[in-house]
Amino acid sequence: MWRDKDRTPQERADALLAEMTLEEKTAQLVGVWVGTTDEGAEVAPHQHDMEDPVQLGDLLPYGLGQLTRPFGTAPVDAALGALALLRAQRRIAGANRFGIPALAHEECLAGFATWGATAYPIPLSWGATFDPALIQDMAAAIGRDLRAVGVHQGLAPVLDVVRDARWGRVEETIGEDPYLVGTIGTSYVRGLESAGIVATLKHFAGYSASRAGRNLAPVAMGPRERADVILPPFEMAVRESGARSVMHAYTDTDGIPSAADERLLTGLLRETWGFDGTVVADYFGIAFLKTLHGVAGSLDEAAARALMAGVDVELPTVKAFGEPLRRAVRDGLVPEALVDRAVRRVLTQKAQLGLLDADWDPVPPALAGRAEEAEGDADRPEAGTDAADPRGTVDLDTRANRALARRVAERAVVLLHNDGTLPLTADAAPARIALIGPNADVPTAVLGCYSFPVHVGTQHPHKPLGIELPTVREALAAEFTGSEIVSAPGTSVDCRDTDGFAAAAQLARGADLVIAALGDRAGLFGRGTSGEGCDAGSLALPGAQQELLDTLLDTGTPVIVTLLAGRPYALGSAATRAAAVVQTFFPGEEGTRALASVLSGRVAPSGRLPISVPKLPDAQPATYLAARLGHTSDVSSVDPAPAFGFGHGLTYTTFTWSELDVAAEEAGTDGEFALACTVRNTGTRTGTEIVQLYLHDPVASVVQPEQRLIGYVRLELAPGAAARVRVTVPADLASFTGRDGRRIVEPGELHLRLSASSTDPRLTARLRLTGEARTVDHGRRLHPEFRVEHLPLP
């Protein structure tokens, strides 16, 4: 029955489960971290990050749940990687009595994290676009590449809401606002799932709220912050995107690790929200219940706690869900019925993916029609010696991919400040440009820590990068062909080296314009200034970059500050003294070209900040979502006000907002409001305005943030053009978690602010909700409805 495609996936899973031994069941609940070689030989266990070597020969007779990162462990040609995975899948299916292959997963946080694949902008740049449709297109392209070579699951997106920008993994997030994170993240999931890839929501939940922004630190968070800030993006994605997997967070909240939190992983996620996919462990997260959290005295206990909480699959390799879990069942620590529950979910997903079909074929689309020839010729010493040789035949960085990466990068560039120096049009381009800064001539300065060249490539320094990464200097030279460009690093990214300041200042004085190329170097666990385990003590520019910037400003030559970074940084007086400030968040392989095209004006800037840029480096943590006491106050000497607030971004034109219309100023707590306004481009260039809708609740039964984003819409308008923006706002969007833990809509006054940013309200509607307080649940409305009517030119 389990081979019968006419049966439902659940029926097939149940039929197969009934035939399995305990050993065969637990084999489906683990992954093995594997790698491949340049010869295209079968993937083999990757032992580098494991305490205990894994012997495939001992595991495979019982089956295998997942293969961990078969492409993302070493730099290997994509066709040979596909061939190696094909061979491994044949071996896995052939070794167990049911013929079940493994599910292969990969990282895809900023593109398929494998050698030679397109490196797209990081998630913080996705947020800067305020363009869910574009991010869905990008994710669909990533998913097609994953699927083409035999991958089934992608470990993305990250739906953590930034609570402290000092956290190293800020670059992996979409921003500091739950609505923005939810809408952009949900669109990414839709794109990935549209290509047949299982998307994985992570990290569930609260990872980003760690104390002092330290990676994996305990989380100090109350139930309302969790419910109203951390959980909404996950709820939105579960309800609206079709996501089929969730990854638990490493952290504990109020003493309860996420991996052992049954109320979170089962009560909320499954019983309340209705999620029916798989919950996978963050790497080594189950063992961490013993080694880091201390809530289990053995791996047996850790396995039992995680399984009871609702974790279905152990990643990246077998540790707790192998023999320790079997012992826990035999010793009565956990009932076998809970093993069956997890296996049923895994097998149901394998049935959905076609892995249980009688005609299942391990040949991926990229090798279709030539798998036999590729297998026969993969061991030839010279690539390309035979027409059947697979090397170089799978392109994961196509022209279409690069064009898409370019569009995302262009829309993610945020113009923070401009005194009129930008754009540097052809008739205004300076004769001599001094390009100064540690990111001026570094190809990887555009990449985040989960891009393959940074994440894995740094361990293979003699291997080519695999993709074209033009430097800032190269991109500027191509964009400003009539300008002489001279460059110097001035200092390094993270060392307090000032020896190059004098030479940099001399270059600046002899130039017509300075472009400062500053920011981060992505890395892992202290090997960078941004990335996993690269947390910051303050939001001052790393190393001596602030001193270099001040030195350049003091030369008197106009300075354009460009930032290639994974988080926002305080810029000191440069926020106002510089001629312009342009922010990018690791914009990917096309990022420097996108930056150059915005500087020249060939592309109009349209990005908006997904996270505030601080005024002071040490006023952290700070977020625009703070309540009144979290903003500037006369009773504290620390000012958390931003230099540039959430949602801020300038253009090369001007807009006016007018003619606010409110259909009715009162509505019931179960009703809705209707607003409208007119936005007109009053400048001389086509530009993009983003109408952002914020809700301010002046009086509530529990403390509320001063304001919060509840909707947005992008408008592209030609010079003189106008649009009438109409928005329907359901009262559900005013809901929050009340004193008793239930989500409610309260009667009372509301302000709806139509704004250009969190710090730039343009039109405010003062409204009132009437009637009784109303309880809402996970079925509430999550979005306003925008309608845009383009008006005829005058």
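By convention here, the first residue in the shown sequence is residue 1.
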Test your reading of the model: is there a side-chain donor-acceptor pair from [X] to the backbone of [Y], 3.5 Å cut-off?
| X | Y | value |
| --- | --- | --- |
| S451 | G448 | yes |
| W126 | P121 | yes |
| Q583 | L415 | no |
| Q545 | V493 | yes |
| E106 | G72 | yes |
| R567 | A165 | yes |
| S757 | G645 | no |
| T592 | P470 | yes |
| S530 | A522 | no |
| W115 | P464 | yes |

Supply the atom-to-atom distance [X] [atom1] to [Y] [atom2], rounded to the nearest 0.5 angstrom.
| X | Y | atom1 | atom2 | answer |
| --- | --- | --- | --- | --- |
| C449 | R527 | SG | CZ | 10.0 Å |
| M138 | R407 | CE | CZ | 11.5 Å |
| L476 | T481 | CG | OG1 | 12.0 Å |
| I560 | L552 | CD1 | CG | 12.5 Å |
| E474 | D441 | CD | CG | 6.5 Å |
| Y624 | I611 | OH | CD1 | 12.0 Å |

* **side-chain hydrogen bond (donor to acceptor under 3.5 Å, both in side chains) contacts in which one or both residues fall within residues 131-145, not counting sequence neighbours** => D131-R411, D145-N401
* Where at least one partner belongs to residues 499-516, residue pairs that pass side-chain hydrogen bond (donor to acceptor under 3.5 Å, both in side chains), sequence neighbours excluded ->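 As it turns out, there is no side-chain hydrogen bond (donor to acceptor under 3.5 Å, both in side chains) pair with a partner in residues 499-516 once direct neighbours are skipped.
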* To do: Kindly determine whether R391 and D77 satisfy salt bridge (Lys or Arg N to Asp or Glu O under 4.0 Å), including the steps that lead there.
  => CA-CA 6 Å; R391 278 168 280 198; D77 175 87; over 6 Å; no
With sequence neighbours left out, what residues match [X] under side-chain contact (heavy atoms from CB on, under 4.5 Å)?
| X | answer |
| --- | --- |
| T73 | W33, H46, R69 |
| T678 | S658, E659, A722, R724, L791 |
| A139 | Y188 |
| D535 | W167, R214, N215 |

Is the closest side-chain heavy-atom distance between [X] and [Y] below 4.5 Å?
| X | Y | value |
| --- | --- | --- |
| P587 | L595 | no |
| L754 | V691 | yes |
| L469 | T444 | yes |
| I467 | T118 | no |
| L518 | P438 | yes |
| F112 | L396 | yes |
| T114 | V149 | no |
| S758 | Q692 | no |

* Asked: T498 and T551: side-chain contact (heavy atoms from CB on, under 4.5 Å), yes or no, with the steps?
  -> CA-CA 10 Å; T498 60; T551 298; over 6 Å; no
Nearest heavy atoms of [X] and [Y], plus distance in Å:
| X | Y | value |
| --- | --- | --- |
| R714 | S606 | NH2-OG, 3.4 Å |
| V613 | Y569 | CG1-O, 3.4 Å |
| L564 | A445 | CB-O, 3.6 Å |
| A412 | A128 | O-CB, 3.6 Å |
| A366 | V394 | CB-CG2, 3.8 Å |
| P614 | L539 | CG-CD1, 3.8 Å |

Residues in salt bridge (charged side-chain N to carboxylate O under 4.0 Å, His left out) with [X], at least two apart?
| X | result |
| --- | --- |
| R190 | E240 |
| R147 | none |
| E107 | K202 |

* **Where at least one partner belongs to residues 419-450, residue pairs that pass ring-ring contact (aromatic ring centres under 6.0 Å, His included), sequence neighbours excluded** =>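 Matches after skipping sequence neighbours: Y450-H455.
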* For E176 and S612, test the side chains for any donor-to-acceptor distance below 3.5 angstrom and give the result as yes or no. =>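 Result is yes, a qualifying pair exists.
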* Asked: Is a side-chain donor-acceptor pair under 3.5 Å present for T651 with T653?
  ->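 Short answer, no.
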* Any pair with a residue in residues 568-592 that passes salt bridge (Lys or Arg N to Asp or Glu O under 4.0 Å), sequence neighbours left out, goes on the list, sorted by first then second residue, please. => R402-E589, R402-E590, R406-E590, D554-R577, E590-R593
* Indicate the ring-plane relationship of F646 and F130, choosing parallel, tilted or perpendicular according to the 30° and 60° boundaries. =>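 Rings of F646 and F130: tilted, 30 to 60°.
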* Would L548 and L541 satisfy side-chain contact (heavy atoms from CB on, under 4.5 Å), going step by step from the backbone distance to the final call? -> CA-CA 10 Å; L548 174 64; L541 279 165; over 6 Å; no
* side-chain contact (heavy atoms from CB on, under 4.5 Å) between Y712 and Y179, worked out -> CA-CA 10 Å; Y712 59 88; Y179 188 78; 3.9 Å; yes
Distance-only criterion, 3.5 Å: show the donor-acceptor pairs between side-chain atoms of residues 428-437 and protein atoms not counting sequence neighbours.
{"unit_1": "R432", "atom_1": "NE", "unit_2": "G510", "atom_2": "O", "d": "3.1"}
{"unit_1": "R432", "atom_1": "NH1", "unit_2": "E484", "atom_2": "OE1", "d": "2.9"}
{"unit_1": "R432", "atom_1": "NH1", "unit_2": "E484", "atom_2": "OE2", "d": "2.9"}

* Per the side chain to side chain contact (heavy atoms under 4.5 Å, CB included) rule, which among D520, L447, V446 passes with F586? ->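 Result for side chain to side chain contact (heavy atoms under 4.5 Å, CB included) with F586: D520.
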* Asked: For L124, which of T173, L609, V158 qualifies under side chain to side chain contact (heavy atoms under 4.5 Å, CB included)?
  ->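 Exactly one candidate clears the test, T173.
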* Asked: Is the shortest distance from a Lys or Arg side-chain nitrogen in R608 or E689 to a carboxylate oxygen in the other one below 4.0 Å?
  -> yes
